[in-house]
Amino acid sequence: MPALLDEAERIAREFEYPADQVQRGVDEYINQSNEGLAKENTTLSQIPTFVTAVPNGTEKGLYLAVDLGGTNFRVCSVQLHGDTTFNLTQSKIMIPRELMASGTSKDLFLFLARQIEAFLRIHHNEHFEAHLRRPGDATNKENMFDLGFTFSFPVRQLGINSGTLIRWTKGFNIPDAVGHDVCALLQSAIDELYLPVRVAALVNDTVGTLMARSYTSPGETGTFLGAIFGTGTNGAYVEKLDKITKLQTMEGAHYDTSTGEMVINAEWGSFDNHLSVLPSTVFDRELDADSNNPGVQMFEKRVSGMFLGEILRRALLAMHQDPALGLFKPSKTSKVICPENSGLYRQWGLDTSLLSLVEADKSPHMAEMKTAMYDHLKIENLSDVECKAVKILVHAIGKRAARLSAVPLAAILIHSGKLQTENMVDVGVDGSLVEFYPNFDGYIREALRSVSKVGEAGEKKVRIGISKDGSGVGAALIALVASKDETLKSASEK
Ligand code: BGC
């Protein structure tokens, strides 16, 4: 079936993202990010997080953290030992689909508070009982937990423990929460159940990743950037306070100015929503048009795990429906079976983890890939040529995502001037794509080298390391900072 491979190669070429386009992307990212630092309501949100220092590994204490941002809700308690190590106890629960997309915010937050209650009863019952014996006693502080709330959606923050939801992403859609303070929503659900918990900090997962990396591997200068390449994508970095000029116009904003810095949550998933420089294939356009938030998160829709599987599914389906190609169609020479209930025919029916499995199988007859195609799509008896065609597309889609990922990284590095200093620049990353898609970081590095103000020398200065548990340890660290800062505490109590 040479026509099949030719067509796969032709589609793959549409996903090429060459060096000159990477460069244009970087230049435009720098423009949009400067605009975001100066004004509110821009494409690239550049959200001030009110976190004004990164940890150095000596932080100590017991904190709670919860994480809402993907398909699971996680509750954990973190004991920071103060010597770059920690212990973490956690529980994870899948969020019922109806709470993610059709219920009310009250239903969702009460569900979250109930999970916190169950966790406390199992793992910290002594605090819980002590609190119940003296409910409402403000002096009973030793049994109160400070909680870091990792909430990985775009939020307009006004302080370290308050922020209003700008919009939902990643398949969540609970309209009555938009515009409301998500910390207050969680705190009132917690109070309704009389739990000994104070929501001390609001944390984006990228900020948590940055903090966790800085705590566990403190170098001479601390970590500069935290990024997620998982279900969604985003990054947070340390910015000079005087460059965040919009802070002066944000009424009610309170923060510590002593370090002269603040962590910015870029929300780069919405970089270039108006598509001035992002590449677009017919599959990208159709995916967006059929999504529940057309026209937004356009960068994320080309890069992150929520979407790559769907891009591949659309490309495979188009080839399958082309009678000249015979992909996944039985014939005299092929006994391939693609049943009607295959995910191939259903929106979101192809999980991005399939791309990592396919890309990883380099064996001549691709046995593991064939098993994965059956497990994920119920497609059986694939020929080697069909496998090759799928592989060509997977490679093209995954590589484009990785090269696109280099755009915000290069832009932020250039903007910060960090590559001009002697020190290594430390970047903490997390998420299923960097962790499991083969050579994702290698393709990122290749694209970084091609950017004029980064080059080989600059790329060598960047140390990229996986930083697990940002949403647990990172959130605990921010809760610690927040709970120590009495000025913030009294401001939030007013
Ligand atoms: C959200 C970000 C988050 C990222 C990674 C995006 O969809 O808007 O806030 O950091 O996903 O989880």
Side-chain angles (χ1 to χ4, degrees), residues 32-33 36 41-51 65-74 95 100-101 148-157 163-174 177-178 182-183 201-213 225-237 263-273 287-288 291-308 310 348 352 401 404-405 408-409 412 427-435 437 440 466-472 474-475 478:
Q32 292 185 20
S33 66
N41 306 320
T42 51
T43 322
L44 202 56
S45 303
Q46 299 282 72
I47 299 166
T49 63
F50 300 90
V51 173
V66 296
D67 175 15
L68 181 75
T71 39
N72 293 311
F73 179 62
R74 216 159 65 108
I95 303 163
M100 279 168 74
F149 180 18
T150 302
F151 183 78
S152 304
F153 301 94
V155 158
R156 179 174 185 265
Q157 270 191 262
T164 53
L165 176 63
I166 301 173
R167 64 178 171 276
W168 290 105
T169 59
K170 296 177 286 196
F172 278 73
N173 189 19
I174 306 149
V178 175
V182 291
C183 284
L202 179 59
V203 183
N204 186 267
D205 51 357
T206 56
V207 185
T209 299
L210 170 60
M211 301 298 272
R213 169 93 183 160
L225 197 155
I228 303 279
F229 301 102
T231 308
T233 183
N234 185 19
Y237 72 100
V263 175
I264 287 287
N265 165 14
E267 283 298 335
W268 69 40
S270 64
F271 164 54
D272 201 32
N273 278 343
L287 176 151
D288 179 51
S291 69
N292 66 9
N293 55 356
V296 292
Q297 302 295 111
M298 298 306 253
F299 181 77
E300 181 164 86
K301 283 176 179 156
R302 285 150 178 78
V303 169
S304 80
M306 168 108 196
F307 304 100
L308 298 189
E310 178 63 7
W348 312 118
T352 298
L404 276 165
S405 305
L409 294 178
I412 294 172
V427 175
V429 293
D430 196 6
S432 46
L433 284 171
V434 265
E435 228 186 313
Y437 190 89
F440 199 81
I466 293 272
S467 164
K468 296 297 301 167
D469 278 324
S471 53
I478 301 174

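If you read the sequence from its start, that first residue is 1, and numbering goes on from there. Order of listing sets the numbers, starting from 1, for every ligand and every atom in it.
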F172: ring-ring contact (aromatic ring centres under 6.0 Å, His included) partners, not counting sequence neighbours: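 Applying ring-ring contact (aromatic ring centres under 6.0 Å, His included) to F172 gives F153, W168.
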Go through the structure and list residues passing ring-ring contact (aromatic ring centres under 6.0 Å, His included) with Y437, not counting sequence neighbours.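 With sequence neighbours excluded, Y437 shows a ring-ring contact (aromatic ring centres under 6.0 Å, His included) to no residue whatsoever.
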Does E435 come within less than 4.0 Å of K468, counting only side-chain N to carboxylate O? yes
Counting heavy atoms not belonging to N292, are there more than 12 under 6.0 Å from its CG? yes
Under 4.0 Å from ligand 1 - residues by heavy atom, chain and number: S152, F153, P154, T169, K170, N204, D205, T206, I228, G232, T233, N234, E267, Q297, E300
Taking all non-hydrogen atoms of both residues into account, name the closest pair between M298 and D272 and its distance. CB-O, 4.1 Å
What residues, two or more places apart in sequence or in another chain, satisfy side chain to side chain donor-acceptor pair (under 3.5 Å) together with Q46?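 Residues passing side chain to side chain donor-acceptor pair (under 3.5 Å) with Q46: none at all.
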